[in-house]
Amino acid sequence: MTRRASTLIAVQPRRPPFGVWDAVAIVLILGALVILAEAARGVALPLGALDETPISLDPGNLPGYAARTALRMITALALSLLFTFTYATLAARSRRAEQVLVPLLDILQSVPILGFISVTIVFFMSLAPGRVLGAEFAAVFAIFTSQAWNMAFSFYQSLRTVPDDLVEASRCFRFGAWMRFWRLDVPFAMPALVWNMMMSMSGGWFFVVASEAITVGDTTVTLPGIGSYIALAIAQRDLVAIGWAIGAMLVVIAIFDQLMFRPLVAWADKFRFDQGTGAPPPTSWVLSMVRGSRLVRMAAAPVAAAMRWSYRLSPKGGGAVAGRERTTAQSSLGDRVFTAVVLVAVAVAIWQIVRYVLAGVPLSEIATALLLGLATMTRVFVLIAIASLIWVPIGIKIGLAPRLARIVQPIAQFLAAFPANLLFPIAVSGIVAFRLDPNIWLSPLMILGTQWYILFNVIAGATTIPGELRDVATNLRVRGWLWWRKVALPAVFPFYVTGAITASGGSWNASIVAEVATWGNDRLEAAGLGSYIARATEAGDYHRVVLGIAVMSAFVVIINRVFWRPLYLWAERKFRLG
């Protein structure tokens, strides 16, 4: 027996130390390092170097511009993920923190990108005086503000809807807070979070023009990138250059899809709460390379060991929670103190804003800003309703068909990433030629970049519909409108509300771009709060910028508190799994 076993061992072929996937991994890693090093080469240069090498519409410069833009977007996405894991987790785990953080998130997503830039550009430029690095900080932060809020809302919604049986299982296994986060919360939220990361990356493309071609009053900074290339092409009415920019964007989006998002979708599929769909799992050649490469496993081994070590160091959880609960009297007193502190802080902030605004704006103009806010609010509600009627049924169909989802994913990414600025020539030319009302026909530009939040969230929700639920509906012959009303719509409703909240806030954000459209010397404006802020930003009138941002934030917070948040809580209570 021993001799036979030794013979079998002797004749087994020796596996080579490195295989084909290792070679592919080396090529990809080295290529990424070279591209990132080339893109980051000009970051430490003096700020005057931007004037010495101005943006050129020569297509040969587009690869370098695309690398610079891609580096900014990846950096912003990494920061957004870190923000999501900390901010959303705190909001979901602490009731007191939730009372402050969720309304604050509503405000943050309502502040226009140019509002962030106008307020923060001086601060970021001061971090690296006289260097391009300061302007890069401002651009990355602007892109971050177009990505982080959607991801945070998605993660928060997932943490609030973790099934009760999984929570009980984590308590039985005595998971501590750190271990539960990485073993339960993150895996459960990952399928929806990956889709929202794709949407957030696409949202960054929508605002990349504003983030790379920054003009605030007398301060003008133009960073090399696809966004600044597009801004110059629009200013010079160069349709050929716009076509080259679209082609470069398509290539970059395809690269992101193949190297980042398709592997993430395939990897996150194993974390789906329900695995009984009967459909083949999504695949990715990059994921196959990661799993088949010994070099990647060797590089990942220390990280895995560090995570296991952190689990042992973190305190263990218990099965009972009663011992950690405070008395009702203590809780009530703490709530009153916390509420008082928050109200005082809010009152001080409001007083500072009012004092600053009234120092440079007449009191009657506040009423004007409120009326403009009502005009923008009407556009947002109408556009969200139209987008919901279109994309909810389409998203459900795509989410229930994995093969179709793999085909639609890159197409939807490109459409979501397509900057509305590139459609301004068509919009402006059509409105001028047919003498249309800009107040009506500029409005669709507000939803072009934000409607995809609804689609991507509905797709993510449809992929989580349990196979047993669909099988029961099939066996009971539930079809037609009854199937939509009893199965599909209730299942995706919490995800839809998350997408609609983000799309609503994003539409307010996009109004600053969409309500003012330019093509060469032609300029059209729609009456609204977005155009008000845009004019104030161009003039460097910070008093009116703050007034516009404050009014917009108030509108968004009130709408979310009165309409979206009750709808969200009802969806969470009525349709959550478990």
Side-chain angles (χ1 to χ4, degrees), residues 79-112 115-116 144-162 177 181 185-186 188-189 192-193 196-197 199-200 203 331 334-350 377 380 384 450 453-454 457 460-461 493-509 549-576:
L79 294 174
S80 300
L81 192 61
L82 178 62
F83 172 84
T84 296
F85 282 163
T86 53
Y87 191 99
T89 303
L90 182 60
R93 292 286 172 261
S94 171
R95 183 173 58 84
R96 290 180 180 174
E98 180 185 31
Q99 295 173 354
V100 176
L101 296 182
V102 174
L104 182 59
L105 199 60
D106 294 336
I107 296 174
L108 290 173
Q109 73 167 350
S110 70
V111 177
F116 281 113
F144 165 85
T145 60
S146 67
Q147 296 178 345
W149 324 137
N150 173 55
M151 293 170 57
F153 264 125
S154 170
F155 197 67
Y156 168 79
Q157 185 260 346
S158 296
L159 295 187
R160 291 295 302 269
T161 56
V162 175
F181 178 77
D185 295 336
V186 172
F188 180 79
L193 181 61
N196 279 278
M197 288 172 62
M199 184 63 248
S200 295
S331 178
D335 289 342
R336 286 196 296 269
V337 172
F338 178 80
T339 302
V341 171
V342 171
L343 290 177
V344 170
V346 171
V348 171
I350 292 176
M377 181 187 71
V380 170
I384 292 295
T450 59
Y453 290 114
I454 296 175
N457 275 276
F493 192 70
F495 296 86
Y496 162 75
V497 174
T498 299
I501 292 175
T502 312
S504 175
S507 296
W508 282 92
N509 204 328
I549 293 174
V551 172
M552 184 174 288
S553 300
F555 267 98
V556 173
V557 170
I558 292 173
I559 292 170
N560 285 352
R561 292 292 100 186
V562 174
F563 179 72
W564 288 117
R565 193 57 54 187
L567 192 64
Y568 177 87
L569 295 175
W570 179 73
E572 178 188 82
R573 181 177 63 254
K574 188 174 179 63
F575 300 119
R576 68 174 294 179

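Heavy-atom basis, side chains included; hydrogens, waters and symmetry copies ignored.
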Nearest heavy-atom pair of [X] and [Y]: which atoms, and what distance?
X      : Y      : value
Ala91  : Val102 : CB-CG2, 4.3 Å
Gly499 : Asn457 : CA-ND2, 3.4 Å
Ser158 : Ala189 : CB-CB, 3.4 Å
Asp185 : Arg93  : OD2-NH2, 2.8 Å
Thr84  : Ala148 : OG1-O, 4.1 Å
Val562 : Pro566 : O-CG, 3.5 Å

Enter the distance from [X]:[atom1] to [Y]:[atom2] here, rounded to the nearest 0.5 Å.
X      : Y      : atom1 : atom2 : value
Leu569 : Arg160 : CG    : CZ    : 6.5 Å
Thr161 : Phe495 : OG1   : CZ    : 6.0 Å
Ile501 : Ile384 : CD1   : CD1   : 11.0 Å
Tyr496 : Tyr453 : OH    : OH    : 15.5 Å
Thr89  : Leu101 : OG1   : CG    : 11.0 Å
Ser504 : Met377 : OG    : CE    : 10.5 Å

For this session: Quick one: sort the Phe153 and Tyr156 rings into parallel, tilted or perpendicular, breaks at 30° and 60°.
Result: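 It falls in the perpendicular class, over 60°.
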
Exercise. With ring centroids as reference points, do Trp570 and Phe493 lie under 6.0 angstrom apart?
Worked result: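 For Trp570 and Phe493, the ring centres are under 6.0 Å apart.
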
Problem set entry | Aromatic ring proximity, centroids under 6.0 angstrom, Tyr87 and Phe155 |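 No, too far apart.
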
Problem set entry | Pair Val186-Phe181, side chain to side chain contact (heavy atoms under 4.5 Å, CB included): steps then yes or no | CA-CA 6 Å; Val186 172; Phe181 178 77; 3.6 Å; yes

Exercise. Within the distance-only criterion (no hydrogens, no angle test), does the side chain of Asn150 pair as donor or acceptor with the backbone N or O of Asn196 below 3.5 angstrom?
Worked result: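 Yes; judged by distance alone, with no hydrogens or angles, the pair exists.
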
